[in-house]
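Note that these values count all heavy atoms, side chains included, but never hydrogens, waters or copies made by symmetry.
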Protein chains: 2
Amino acid sequence: METKPLEIEIGLLHERICSALGDPTRILILYMLSEKGMFVNELSEALNIPQSSVSRHLRILRERNLVATERQGTAVLYTLPDKRIIVALDLMREILSSQLRQEAKITSAIHNQNSSEKKE
Amino acid sequence: METKPLEIEIGLLHERICSALGDPTRILILYMLSEKGMFVNELSEALNIPQSSVSRHLRILRERNLVATERQGTAVLYTLPDKRIIVALDLMREILSSQLRQEAKITSAIHNQNSSEKKE
DNA sequence: ATTATTTATGCGCTTATCCGAATATAAGGA
DNA sequence: TCCTTATATTCGGATAAGCGCATAAATAAT
């Protein structure tokens with residue numbers, strides 16, 4: 001079974017980037033860090049999520065170099081070293097809102113259809 | 001417990017777009033469809049993956065409107081209605097290759113360090 | 001050294017995701 | 001109708017991912 005170059009690259013893309021986006025909390029963390037660097041407990045409080053859970057999510061992001069760390073005393077400041085991930089996420093949000101607009105159109109079209117059917 | 005607007009939007013973003021990218025096969029399918037429309041069996045053969053598996057992946061993409069379908073006799077042609085998802089994926093590939101270049105730099109720096117240490 | 005603070009990890013559990021094989025469904029032709 | 005082709009779904013099982021709680025590890029201060 002041969003594995004083509006594209007497949008290998010996509011496999012790596014999934015493993016390193018896409019799978020990190022596979023949890024809504026992690027996406028939210030990326031957006032929060034795009035505003036400013038934050039400590040673990042800050043994120044934990046802001047998200048209202050247990051510290052251990054935040055720490056685990058941060059580990060996944062850190063292992064993939066999507067966030068960077070900087071020790072400050074006993075605390076660890078997390079920052080976003082490459083803002084392009086936010087650009088990619090924003091693009092996906094645009095795709096989503098296109099979809100939602102489209103779905104709203106279809107829904108209202110069905111409503112119009114129903115009300116004109118009633119008239120007949 | 002309040003849920004802020006951003007959280008809701010991110011939740012939807014994850015549910016509808018990001019989670020669909022959570023499997024390498026699905027990413028590969030999107031790339032293949034970006035070249036040309038394909039039938040299920042074509043994808044199945046090209047990917048060397050069982051038809052049922054491909055069909056399931058296509059369902060996930062279809063439910064999220066990331067692919068469109070068009071019946072042609074007994075077969076179903078799958079196409080990519082919005083190429084922007086490819087733009088987003090390509091951007092992530094760029095981020096990844098930046099990372100890989102960076103890692104290569106660090107690795108070679110360590111090698112240089114080691115060899116100069118040996119000299120002393 | 002002891003203690004306080006902050007972050008990371010181990011553990012057990014639950015849930016979600018993926019898979020292959022088999023079966024069901026849909027469309028078209030003999 | 002019956003059969004063929006193409007696609008979709010169901011089933012059962014295996015694997016991965018996420019969570020909360022408790023605990024370990026790291027740093028700094030007394």
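Closest to the side chain of B/Thr74, out of C/dC18, C/dT7, D/dA6, is D/dA6. Each of C/dC19, C/dT7, D/dA8 was ranked by its minimum atom distance to the side chain of A/Val76; first place goes to C/dT7. For A/Ser55, the listed nucleotide lying nearest its side chain is C/dT9; candidates were C/dT6, C/dG28, C/dT9. Distances from the side chain of B/Tyr78 to the nucleotides C/dC19, D/dA8, C/dT7 place D/dA8 closest.
Taking side-chain N and O atoms only, A/Asn41 has no distance below 4.0 Å to OP1 or OP2 of C/dT5. Within the structure, every side-chain polar atom (N or O) of B/His57 is placed at least 4.0 Å from both OP1 and OP2 of C/dT17.
For D/dC21, its base sits under 3.5 Å from the side chain of A/Ser52 at one donor and acceptor pair at least. Put simply, the side chain of A/Arg56 and the base of C/dG10 share a donor and an acceptor less than 3.5 Å apart. If you check distances only, the side chain of B/Gln51 never reaches the base of D/dA6 with a donor-acceptor pair under 3.5 Å. Judged by distance alone with a 3.5 Å cut-off, no donor-acceptor contact links the side chain of A/Arg26 to the base of D/dG18.
A cation-pi arrangement is not found for A/Arg59 relative to A/Tyr78, the charged atom failing to lie both closer than 6.0 Å to the ring centre and inside a 45° cone about the ring normal.
For the pair B/Gln72 CD and D/dA6 P, the computed distance is 13 Å after rounding to whole Å. What separates CD1 of B/Ile29 from P of D/dT7 is a distance of 13 Å, to the nearest Å. Atom CZ in A/Arg62 sits roughly 8 Å away from atom C1' in C/dA8 (whole-Å rounding). Atom-to-atom, CG of A/Leu58 to C1' of D/dG18 comes out at 15 Å; the value is rounded to the nearest Å. Protein atom CG of A/Asn48 is 10 Å distant from nucleotide atom P of D/dG20, rounded to whole Å. As rounded to whole Å, 12 Å separates atom P of C/dA8 from atom CG of A/Leu77. Rounded to whole angstrom, the span from the CD atom of A/Glu42 across to the P atom of C/dT6 amounts to 11 Å. Protein atom CZ of B/Phe39 is 12 Å distant from nucleotide atom C1' of D/dT7, rounded to whole Å.
Closest-nucleotide positions on DNA chain D for A/Arg71 and A/Thr25 were compared, and the one nearer the 5' end corresponds to A/Thr25. Between A/Ser53 and B/Asp23, the residue anchored closer to the 5' end of DNA chain C is A/Ser53, taking for each the nucleotide with the nearest heavy atom.
Looking at B/Leu77 and B/Arg71, their side chains never come closer than 4.5 Å, going by heavy atoms from C-beta outward.
Looking at A/Gln102 and B/Asn65, their side chains never bring a donor and an acceptor atom within 3.5 Å of each other.
Using a 4.0 Å cut-off between a side-chain N of Lys or Arg and a carboxylate O of Asp or Glu, B/Glu103 and A/Arg16 qualify as a salt bridge.
Proximity of a side-chain donor or acceptor of B/Arg64 to a complementary backbone N or O of B/Glu15 within less than 3.5 Å is detected.
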